[in-house]
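Below is one structure, written out as structure tokens; comments come after it.
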Amino acid sequence: MSAHAARIERAFVDETLIREAFEPVDRLAAELQDAPHPEDSGAELVRLARRLGEAGVLRLVVPARDGGVFPELSSRALCLARERLGHALPLAELAFAMQGLGSYPIVHAGSEALRKQWLPDVVAGRAIAAFALTEPDAGSDLGGLSTHARRDGDHYVLDGHKVFISNAGVASFYSLFAVTDAHAPKKKLSAFVVPADADGLRVVPQHVLGGHPIGELRLHGVRVPVASRLGEEGEGMGIALATLARFRPTVGAAALGFAQRALDEAVHHVRTRKQFGAALAEQPQVQAMLADSACELDAARLLVYRAAACADAGGTRAELARAGSMAKLVATENAQRVIDRAVQLHGGRGVLQSSVVARLYEEVRALRIYEGATEVQKILVARALLGAAP
């Protein structure tokens with residue numbers, strides 16, 4: 001087991017999880033460590049998904065009935081995987097995370113036919129999953145969704161516009177959310193599995209920090225069978241929220257992996273870099289920066305694994321909402337600071353695009369926004385304290 005594995009707090013991780021979930025991840029991560037930055041991130045993500053499948057790592061994103069490791073998804077296992085992969089290679093972490101996020105609506109609400117159609121290929125890394133929720137006027141406010149689905153016999157016809165969709169252009173299918181009743185007191189959403197090759201579906205690439213495959217989806221008269229609907233009509237909001245709640249703590253775990261790698265790089269650098277006749281590590285200011293980073297990282301790790309343990313123990317919806325929001329908020333914000341200090345400690349080397357810490361600086365920024373921005377997490381935590389409905 002790697003030195004990084006030993007740093008993970010075992011207070012929240014039992015030996016079965018370490019053996020069944022972490023060790024395959026750790027072996028693959030060691031192979032992927034420091035892989036060169038690809039020119040084509042989309043093609044590389046597809047390749048990495050296949051490697052994750054071959055190594056058995058993607059068995060963590062589905063329950064045993066669909067070929068998974070555990071009877072139900074283990075939040076602690078998902079966090080272990082995202083933290084370790086994030087430490088080794090952020091693009092591999094993204095590939096793993098999106099296989100889970102994009103397929104979870106099927107795990108949560110899919111018919112037996114949809115599960116058999118898609119989940120074995122997700123686990124093998126042959127099918128690339130994507131989660132299509134965000135729109136130009138609907139990010140944190142899901143009530144602002146305008147993509148709509150109209151029933152037409154035994155099909156639905158989908159029209160609308162999605163943005164910032166990870167894996168757009170390389171995905172095999174999209175778990176996509178659309179309005180099916182705009183006149184209800186609260187809009188009724190429904191969820192659908194939309195194949196990437198559906199007629200009327202067009203992908204427009206977007207370019208973001210980190211260079212990940214991401215883009216817009218333009219839907220014009222896309223027809224999908226009623227059998228492609230997830231759950232009953234109008235249940236889409238619950239499916240979306242359940243998916244986000246399940247994966248919110250794991251975003252914090254990804255941030256831990258990025259930040260731990262940055263701190264490791266910083267410690268190595270200050271030990272070996274000499275200034276004014278002595279190693280940087282001997283300077284009190286440098287030592288204080290390292291101490292701040294270590295404390296912030298461990299505090300965040302405890303919150304993340306507390307949230308994951310709460311989910312695995314069957315916590316109430318309110319408990320999960322509060323713990324998950326606190327974990328994501330603190331972990332992503334702390335990780336940003338840890339990585340920023342690592343860049344500062346590297347000096348000029350820290351802003352070279354080829355440096356590890358510069359790439360991590362790009363990678364971590366989006367984590368404070370997606371799956372609920374920091375400001376939204378603060379609202380959710382406050383509402384939990386006040387007893388208000390989330």
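In this structure a side-chain-to-backbone donor-acceptor pair under 3.5 Å is present from Gln206 to Phe164. Ser228 places no side-chain N or O within 3.5 Å of a backbone atom of Val224 that could act as its donor or acceptor partner. Asp159 contributes a side-chain N or O that, together with a main-chain N or O of Gly221, makes up a donor-acceptor pair within less than 3.5 Å. A donor-acceptor pair under 3.5 Å is absent between the side-chain atoms of Asp181 and the main chain of Lys188, judged by distance alone. Asn167 places no side-chain N or O within donor-acceptor distance of the main-chain N or O of Ala130, the cut-off being under 3.5 Å. Remark: the backbone N or O of Gly102 is paired with a side-chain donor or acceptor of Ser175 at under 3.5 angstrom. Although no hydrogens or angles enter the test, the distance criterion places a donor-acceptor pair under 3.5 Å between the side chain of Arg151 and the main chain of Gly153. Side-chain atoms of Arg359 come within 3.5 Å of backbone N or O of Ser354 as a donor-acceptor pair. In this structure, Thr147 contributes its side chain and His161 its backbone to a donor-acceptor pair below 3.5 Å. Remark: the backbone N or O of Leu352 is paired with a side-chain donor or acceptor of Ser355 at under 3.5 angstrom.
Across every non-hydrogen atom of Ala259 and Val338, the tightest pair is O-CG1, 3.6 Å. Between Ala300 and Ala331, the shortest heavy-atom distance links the atoms CB-CA, 3.7 Å. Here the closest non-hydrogen pair linking Leu133 and Leu145 is O-CD2, 3.2 Å. Considering every non-hydrogen atom in both Ser166 and Ile214, the closest pair reads N-CG1, 3.9 Å. A pairwise comparison of heavy atoms in Ser172 and Trp118 identifies O-CH2, 3.9 Å as the closest pair. Smallest separation of non-hydrogen atoms from Leu189 and Thr180: C-OG1, 4.0 Å.
Residues Arg202 and Val204 are in side-chain contact: their nearest non-hydrogen atoms beyond the backbone lie under 4.5 Å apart. Looking at Leu60 and Val25, their side chains come closer than 4.5 Å, going by heavy atoms from C-beta outward. Two residues are said to be in side-chain contact when any heavy atoms from C-beta on lie closer than 4.5 Å; Gln377 and Glu375 fail this criterion. Counting heavy atoms from C-beta on, the side chains of Arg349 and His269 come closer than 4.5 Å.
The salt bridge (charged side-chain N to carboxylate O under 4.0 Å, His left out) with Glu333 is formed by just one residue from the set Arg365, Lys328, Arg368; it is Arg368. With Val357 as the fixed residue, the side-chain contact (heavy atoms from CB on, under 4.5 Å) test singles out one of Asp340, Val343, Val351: Val343.
Rounded to the nearest 0.5 Å, atoms NZ (Lys378) and CE (Met326) are 12.5 Å apart. Note that CD of Gln287 and CD of Gln283 are 9.0 Å apart. Values are rounded to the nearest 0.5 Å. Taking NE2 of His268 as the start and CG of Leu345 as the end, the distance is 13.5 Å to the nearest 0.5 Å. Annotation: the span from Asp312 atom CG to Cys79 atom SG amounts to 8.5 Å, rounded to 0.5 Å. Taking CG of Leu217 as the start and CD of Glu135 as the end, the distance is 10.0 Å to the nearest 0.5 Å. Atom CZ of residue Phe177 and atom CG of residue Leu158 lie 12.0 Å apart, to the nearest 0.5 angstrom.
Donor-acceptor pairing under 3.5 Å is recorded for the side chains of Arg341 and Ser293. For His212 and Glu363, the side-chain atoms include at least one donor-acceptor pair closer than 3.5 Å.
In Gln344, the CD atom is not crowded: 12 or fewer heavy atoms of neighbouring residues, nucleotides or ligands sit closer than 6.0 Å. For Glu72, the CD atom is loosely surrounded, since the number of other residues' heavy atoms within 6.0 Å does not exceed 12. Annotation for Asp199: atom CG does not count as buried by contact number, only 12 or fewer foreign heavy atoms lying within 6.0 Å.
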Original post:
Which is it for Glu216 and Lys162 under the salt bridge (charged side-chain N to carboxylate O under 4.0 Å, His left out) test, yes or no, and what are the steps along the way?
Top reply: CA-CA 5 Å; Glu216 303 178 28; Lys162 300 289 184 180; over 6 Å; no
**OP:** Apply side-chain contact (heavy atoms from CB on, under 4.5 Å) to Val270 and Met289, showing your working.
**Re:** CA-CA 11 Å; Val270 301; Met289 292 170 73; over 6 Å; no
Original post:
What do the steps show when you test Val122 against Leu58 for side-chain contact (heavy atoms from CB on, under 4.5 Å), and what is the final call?
Top reply: CA-CA 8 Å; Val122 167; Leu58 293 178; 5.6 Å; no
Subject >> side-chain contact (heavy atoms from CB on, under 4.5 Å) evaluation trace for Leu176 with Leu219 >> reply: CA-CA 11 Å; Leu176 187 142; Leu219 300 98; 3.8 Å; yes
Subject >> Trace of the salt bridge (charged side-chain N to carboxylate O under 4.0 Å, His left out) decision for Arg47 with Glu44 >> reply: CA-CA 5 Å; Arg47 189 184 73 83; Glu44 181 65 8; 2.6 Å; yes
Subject >> Residue pair Asp66, Lys116: steps toward the salt bridge (charged side-chain N to carboxylate O under 4.0 Å, His left out) verdict >> reply: CA-CA 8 Å; Asp66 302 302; Lys116 289 181 177 178; over 6 Å; no
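For the pair Arg261 and Asp264, the salt-bridge criterion is not met [side-chain N within less than 4.0 Å of a carboxylate O]. Under the 4.0 Å criterion applied to side-chain N and carboxylate O atoms, Glu112 and Arg65 are assigned as salt-bridge partners. Ion pair Arg223/Asp152 flagged as a salt bridge, since at least one NZ, NE, NH1 or NH2 atom sits closer than 4.0 Å to an Asp/Glu carboxylate oxygen.
Listed by chain and number, the residues in a side-chain hydrogen bond (donor to acceptor under 3.5 Å, both in side chains) with Arg59 amount to none (sequence neighbours excluded). Every residue two or more places apart in sequence or in another chain was checked for a salt bridge (charged side-chain N to carboxylate O under 4.0 Å, His left out) with Arg271, and none qualifies.
In this structure, Ile106 is not a member of the same hydrophobic cluster as Ile165, with clusters built from ILVMFWY side-chain heavy atoms closer than 4.5 Å. Both Val123 and Leu48 are assigned to one and the same hydrophobic cluster, defined by single-linkage of ILVMFWY side chains at heavy-atom distances under 4.5 Å. Hydrophobic clustering of Ile, Leu, Val, Met, Phe, Trp and Tyr side chains at less than 4.5 Å, counting indirect connections, keeps Tyr174 apart from Leu119. No continuous path of hydrophobic side-chain contacts links Ile369 to Val163 [ILVMFWY only; heavy atoms under 4.5 Å]. Residues Val222 and Val226 share a single hydrophobic cluster, defined by chaining ILVMFWY side chains whose heavy atoms lie under 4.5 Å apart.
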Under 3.5 Å, which donor-acceptor pairs do the side chains of residues 231-258 form with other protein atoms, sequence neighbours left out?
from	atom 1	to	atom 2	distance (Å)
Glu233	OE1	Tyr156	OH	2.4
Glu235	OE1	Glu232	N	2.9
Thr243	OG1	Ile239	O	2.8
Arg246	NH1	Leu73	O	3.3
Arg246	NH1	Ser75	OG	2.9
Thr250	OG1	Arg82	NH1	2.8
Thr250	OG1	Phe247	O	2.7

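Between Tyr104 and Phe131, a ring centre-to-centre spacing not shorter than 6.0 Å is recorded.
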